[in-house]
Amino acid sequence: MEKGLARYIWRNTSRQQLWILAIVALSMIPYFLSFDLPKQIVNGPIQGQGFEDVDATRTFMELSPTLPLIGEVHLFGGFELDRLQTLLALSFVFLGLVVLNGLFKFYINTYKGRLGERMLRRIRFDLIDRVLRFPPNQFKKVKSAEIATMIKDEVEPLGGFTGDAFVQPALLGGQAITALAFIIIQNFWLGMIAAGIVCVQAIIIPRMRRRLLELGRQRQLTARQLSGRVSEIVDGIHSIHAHDTSNLERADIAQRLGLIFNIRYDLYQWKFLVKFINNFLAQVTPFLFYVIGGYLALQGRLDIGQLVAVIAAYKDLPGPLKELIDWDQARQDVQVKYAQVVEQFDVEHLVPANVQTVMREPVERLAAPLVASHLLVTDDSGAPILNRVSLEIQPNETIAVLGQNGAGGEAIAEAFGRVVWPDSGKITIGGQDILEMPESVTGRRISFVSSDAHFFHGSLRDNLFYGLKHAPLTETTYKGSEAREFKRNLLEAQRSGNPSFDLNSDWIDYDAAGATGPDDLLKVIRPVLDAVMISQDIFDLALRSKVDLAAHPAMSEVIVDVRAALQRRLAEEDLEGIVVPFRPDSYNDQATVGENLLFGTMKQSMLTPAALAAHPYFKQIMRETGLSNDLYAMGLEIAETAVELFRDLPPDNPFFQQLTFMSAEDIPAYEELLQSLKGTTAEEASSKDRINIIRLSFAYIEPRHRFGLLTPELRDKIVQARQSFYADLPEDLATMIERHDPSRFSESASLIDNVLFGRIAYSEADASDRIKRIARDIFAEMDLEHNVLSIGLDFDVGTQGRRLTNVQRQKLNLARALLKRSDYFIFNRPLPALDQRAQDQIVTNVMRDLHRDGYRPAIIWVLPTADVAQLFDRILVFKGGNLVENGAYDEIFEKNGMFKQLVS
C-alpha cells in the first residue's frame with residue numbers, strides 16, 4: 001500500500017481533483033466581486049458619490065477593457081441609471097453574486113462528498129481484498145474484531161478527507177487570500193493588522209494541536225483494543241461461565257474504559273483550550289478595525305465605504321482560516337490513522353492478486369501427481385512438526401494417514417490443503433507450486449476439510465452450496481427502473497475501483513456438482529447428504545420449520561393428501577390414538593387451553609400473545625362468556641399446586657422440564673403473588689397480576705400436567721367461547737390469525753403441525769419419533785422427499801452456524817466439500833464430534849460413493865484409528881513429524897512395526 005495518504009488519494013483521484021480545483025479557481029472571481037460591491041453601494045448611491053446633481057446618472061455595466069498593445073476596447077456601452085436605479089441595480093447584482101457563490105459552494109461540496117464516498121468505498125474494498133490475500137499465519141496475529149473495526153470505523157474519516165485533501169486548502173486558502181488582498185487594497189495598515197493576526201493563528205494553533213493528534217491516536221488505539229477484547233469475551237463466553245471469571249472480565253473492561261475516559265477527558269480539555277485561544281484571536285481583529293479604522297475614517301484617510309467593506313471582508317476571513325487550520329489538523333489526524341491502517345494491512349507474503357483472478361470457464365481436471373518435496377513445517381515456536389518429508393500421491397489413489405495427535409499427519413494434510421505454508425520445501429502438481437497456482441484451480445480441484453467448520457450467517461442451503469459459488473455464471477435480466485439502477489450501480493462500482501460482479505447472478509457451478517441446473521441439483525446432492533448421514537437432520541429441521549409457500553407451492557397443494565395418508569398409516573399400524581386431530585366443535589385434550597381457545601395460529605410477525613390478550617375484542621369475549629373468571633380461578637389453582645409441589649426442589653430437578661408454564665425461577669415470584677392475591681377476585685386484581693395468573697391456565701394441558709382442573713363443563717365453555725370469538729371477528733384480527741382448516745395449509749404453523757393437524761398424545765411412548773418415521777415414509781411414497789429436503793435447506797444456521805449442533809456442523813462441512821467433486825480430497829480428522837462407529841460408517845460411505853460411475857478422485861484421509869484403514873490403497877504412518885511407514889495395508893502390517901500396534 002502507499003505509505004502516504006496524499007499520494008494514495010492523488011493516484012486514484014487525480015483527474016477529479018484537477019477538475020474541482022479548476023472550479024475552485026473560477027469561483028474566486030465572483031467571490032472577490034462580492035467584497036467590492038458593498039463599497040460601491042455605500043459610496044455611490046447611498047452617500048451620493050458621483051450623484052452630486054439631482055439629475056445625475058451613472059453608466060452601469062459598461063464593458064471597455066484595456067488590452068496590451070491594443071488599448072481600450074469598447075464591447076458594451078452599458079446603461080445610464082439615476083441614483084435610485086443604480087442602488088437597485090447594484091443590490092440585485094450583489095444578490096446574484098450571493099446566489100452564484102452559493103451555487104459554486106453547493107457544486108463543490110457535492111462533488112467533494114461524492115469523491116470522498118467513492119474513495120471510502122475504494123479503500124474499504126482494498127483492505128478487504130488484502131484480508132482475502134493474507135497468508136495463513138497472519139490470522140494468528142490479528143483479532144477479527146479489530147480488523148472489522150478498522151475497516152468499518154477507522155477508515156471512514158479517510159473517505160471524508162479525500163474530497164478535502166486538495167480542494168479544501170485551495171478553496172479556503174483562496175477565500176482567505178482573496179479577503180486579505182481586498183483588505184490590503186482598501187487600506188495597507190488594516191491589511192497588515194489582519195495579516196499579522198492570521199500569521200499568529202497559523203503558527204500557534206497548529207503547534208498546540210499536536211497534543212490533540214497524539215491523544216486522538218491513543219483514543220483510536222484503545223477503542224480498537226476494547227473492540228477486540230469484547231469480541232474475545234463473546235467468543236469465550238462459555239469458558240468464562242465455566243471458570244467463574246466473569247468478574248475478572250468486568251475488572252479488565254472497567255480498567256480499559258477508565259483509560260479511555262482519561263484520554264477522552266484530556267482530549268476535551270486541550271480541544272477547548274485551543275478553541276478558546278483561536279476564538280480570542282479571531283475577535284481581537286474586529287476590535288482593532290473599529291479602533292484604528294474608525295480613527296482613520298475620522299482623520300479622512302479612509303472613507304466609510306472602505307471601512308464597511310473591510311469589516312465585511314474580514315467577516316469572511318476567520319471562517320476560512322479556522323476551517324483551514326481544522327483541515328490541517330484533520331490532515332495530520334487522518335495521516336496517523338492511515339499509517340496505523342497501513343501498518344496492520346501491509347503484511348509480507350501476500351497472496352498475489354492474479355492467484356485469485358475470477359474464472360468463469362470450467363477448470364480442467366488435475367491429472368498429475370501431488371508431490372511433497374523435503375517439506376518442513378514448524379509451529380509458532382519454531383519446533384518442527386513435519387520434518388523434511390517427501391511424498392508422492394498419484395491421481396485416483398486413496399491414502400490413509402495414521403499416527404498420534406501431533407505426530408505429523410495433521411501437518412501434512414494442512415500443507416496439502418494450503419492451510420499452512422511450509423517453511424522450506426514445496427508441494428507441486430505437474431511441477432507447479434500449489435501456492436502459485438490460481439485458486440480457481442486449487443479451490444475447485446483440491447478440497448480440504450478439517451474439524452474446524454465455519455459457516456456464514458444465512459440458510460443451510462447457502463452454506464451447503466458455498467463451495468460451488470466461484471463466479472457469476474449467468475447474466476441477470478433487468479428491465480425498466482431496475483435496469484437503470486443496475487447500470488448506475490455498475491458505473492459507480494467501476495469509478496470506485498470495485499469489481500463489477502452481479503451478486504444477483506446465479507453463482508452456483510452446477511456442472512461441478514454433476515447437475516444440469518437448479519431443477520436436478522437436489523437429486524444430485526441427496527447421495528452426498530446420505531453418505532455423511534445428515535439427511536435425517538435436514539428432514540427433522542424441515543418438519544420443525546415454517547414453510548414459505550411462495551418458494552414451495554407444492555406443499556399447499558398436497559397437504560390434504562398427506563394428512564389423509566397419515567391417518568391411513570396410523571390406522572394400518574393400529575395407532576389411531578397417537579394423534580388427536582383438531583375439530584371445530586370439540587376440545588382437544590392434547591393441546592393447551594390457549595390453543596383450544598384460539599383454534600388457530602397467530603402470524604408472529606403481526607400478532608403476539610400479549611397483544612391478543614390486550615385486544616378489546618378478545619377481552620370483550622372473555623367477559624361476555626365468563627371465561628375470564630374461570631381461567632383466573634384455574635390459574636390460581638395451578639399456581640398454588642405448582643408452588644406447593646416444587647418450591648423445595650432444586651432448580652435443576654428434571655420435574656421442571658415438564659412444568660411448561662412455570663420455571664424454577666418463577667416459583668418465588670408466584671409464591672409472593674399468591675400471598676398478595678389471597679381473597680382477591682379477578683375484578684379486584686390489578687391488570688398485570690390478572691394476566692400473570694391467567695397466563696398459567698393458557699399453557700395448561702391436562703394429560704401432561706395432571707392437576708385435574710379441566711372439567712367437562714369448562715371444556716364446553718372454552719369451545720363455546722371459541723365459536724363466539726370467530727362469530728364476529730374484527731377484520732384487523734382476522735388478517736393476523738390463521739384458523740385451523742382441514743382443507744388448507746397454514747403458513748403460520750410448522751410443517752409437522754400442518755401434517756398432523758392435531759396434537760400427539762402424551763401418553764404414547766416415543767410417539768414423536770414414530771410420527772417422524774411415518775411422515776418421512778409418506779413423503780417418500782408421494783415423491784415429495786426433495787420438496788421436504790428443500791424446506792430443510794431454508795433453515796437459518798445462525799451466526800457461525802451456531803444454531804446447528806457440533807455434529808451437524810461437521811457433517812455439513814464434509815458434505816460441502818464432497819459436492820465439489822474435486823480431484824484431490826484431503827480430510828484432516830473432519831468428524832471428531834461423532835462416535836467412532838459413526839465416523840467409520842461415514843468413511844465407508846464416502847469411499848464407496850466417491851469411487852463409482854467412473855469418477856475416482858484421490859483421497860488423503862487422516863484417520864483417528866486404523867479400523868477402516870483396509871479401505872485405502874496405501875497407508876502412511878507418522879511419528880514425531882517423520883514418515884515412518886509407507887505402503888499397502890498387508891505390506892506394512894507384516895512388518896510388525898508401528899502400524900501393527902495401531903491396528904491391535
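Heavy atoms only: backbone and side chains are in, while hydrogens, waters and symmetry mates are out.
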Exactly one candidate in Leu812, Ile534, Asp794, Asp796 meets side-chain contact (heavy atoms from CB on, under 4.5 Å) with Leu460; the answer is Leu812

Checking side chain to side chain donor-acceptor pair (under 3.5 Å) between Asn813 and each of Arg816, Arg809, Lys811, which is the one that passes? Arg816

Please tell me whether His454 and Phe456 form a close aromatic pair, meaning their ring centres lie under 6.0 Å apart. yes

Take Glu485 and Tyr478 through the side-chain contact (heavy atoms from CB on, under 4.5 Å) test and state the conclusion after the steps. CA-CA 9 Å; Glu485 182 71 13; Tyr478 298 98; over 6 Å; no

Output yes when Glu249 and Arg229 qualify as a salt bridge under the 4.0 Å nitrogen-oxygen rule, no when they do not. yes

Closest approach of Leu793 and Ser459, non-hydrogen atoms and distance? O-CB, 3.6 Å

Side chain of Gln356, backbone of Leu132: donor and acceptor closer than 3.5 Å? yes

Sort out for me which residue in Gln16, Arg15, Gln17 forms a side chain to side chain donor-acceptor pair (under 3.5 Å) with Thr13. Gln17

Any side-chain to backbone donor/acceptor pair from Ser822 onto Arg444? Under 3.5 Å, distance only. yes

What closest approach, in Å, do Glu348 and Pro135 show between heavy atoms, and which atom pair accounts for it? O-CG, 3.6 Å

Can you give me the closest heavy-atom contact between Ala531 and Asp849, atom names plus distance? CB-OD2, 3.3 Å

Can you give me the closest heavy-atom contact between Leu402 and Thr865, atom names plus distance? CD2-O, 3.4 Å

What I want to find out is whether Arg114 reaches Glu117 closely enough, with some N-O distance under 4.0 Å, to be called a salt bridge. no

OH (Tyr510) with more than 12 external heavy atoms under 6.0 Å: yes

Asp379 and Ser381: side-chain donor and acceptor closer than 3.5 Å? yes

Flag, side chain of Glu414 to backbone of Val420, donor-acceptor distance under 3.5 Å: no

For a quick test of reading the model, state the closest non-hydrogen atom pair linking Arg874 to Ile393 and the distance between them. NH2-CA, 4.0 Å

Determine, for Asp509 against Lys820, whether the closest basic-nitrogen to carboxylate-oxygen distance falls under 4.0 angstrom. no

Under 3.5 Å donor-acceptor, Asp452 side chain and Ser450 backbone: no

Thr476 and Ser505 side chains, donor-acceptor separation under 3.5 Å: no

Heavy-atom neighbours of Gln800 CD exceed 12 at 6.0 Å: yes

Test item: Trp507 side-chain N/O and Asp502 main-chain N/O as donor-acceptor pair under 3.5 Å: yes

Between Phe416 and Ile446, does a side-chain contact (heavy atoms from CB on, under 4.5 Å) hold up when you go through it step by step? CA-CA 9 Å; Phe416 282 150; Ile446 302 175; over 6 Å; no

Let's go through Asp126 and Tyr8 carefully: what are the C-alpha distance in whole Å and the side-chain angles of both, what is the deciding distance for side-chain contact (heavy atoms from CB on, under 4.5 Å) to 0.1 Å, and is it a yes or a no? CA-CA 12 Å; Asp126 285 348; Tyr8 178 83; 2.7 Å; yes

Intermediate values then yes/no, salt bridge (Lys or Arg N to Asp or Glu O under 4.0 Å), Asp252 and Arg256: CA-CA 6 Å; Asp252 180 67; Arg256 292 173 184 271; 3.0 Å; yes

Under 3.5 Å: donor-acceptor pair, side chain of Arg360, backbone of Ala471: no

Under a 3.5 Å threshold, yes or no: a donor from one side chain and an acceptor from the other, between Ser424 and Arg388? yes

Step through the shown structure and confirm whether more than 12 heavy atoms of other residues, nucleotides or ligands are within 6.0 Å of NZ on Lys487. no

Asp423 side chain reached by Pro384 side chain, heavy atoms, under 4.5 Å: no

Polar side-chain atom of Asp506 near backbone of Ile508 as donor-acceptor pair, under 3.5 Å: yes

Can you check side-chain contact (heavy atoms from CB on, under 4.5 Å) on Leu804 and Asp537, steps first, answer last? CA-CA 10 Å; Leu804 301 175; Asp537 297 84; over 6 Å; no

Residue pair Ala493 / Pro499: nearest heavy atoms and the distance that separates them: CB-O, 4.0 Å

Taking the side chain as every heavy atom from C-beta outward, state whether Leu435 and Val351 have any atom pair closer than 4.5 Å. no

Test your reading of the model: is there a side-chain donor-acceptor pair from Arg803 to the backbone of Val797, 3.5 Å cut-off? no

Ignoring hydrogens and geometry, is there a side-chain-to-backbone donor-acceptor pair from Arg461 to Gly792 under 3.5 Å? no

Test item: Arg445 side-chain N/O and Leu366 main-chain N/O as donor-acceptor pair under 3.5 Å: no

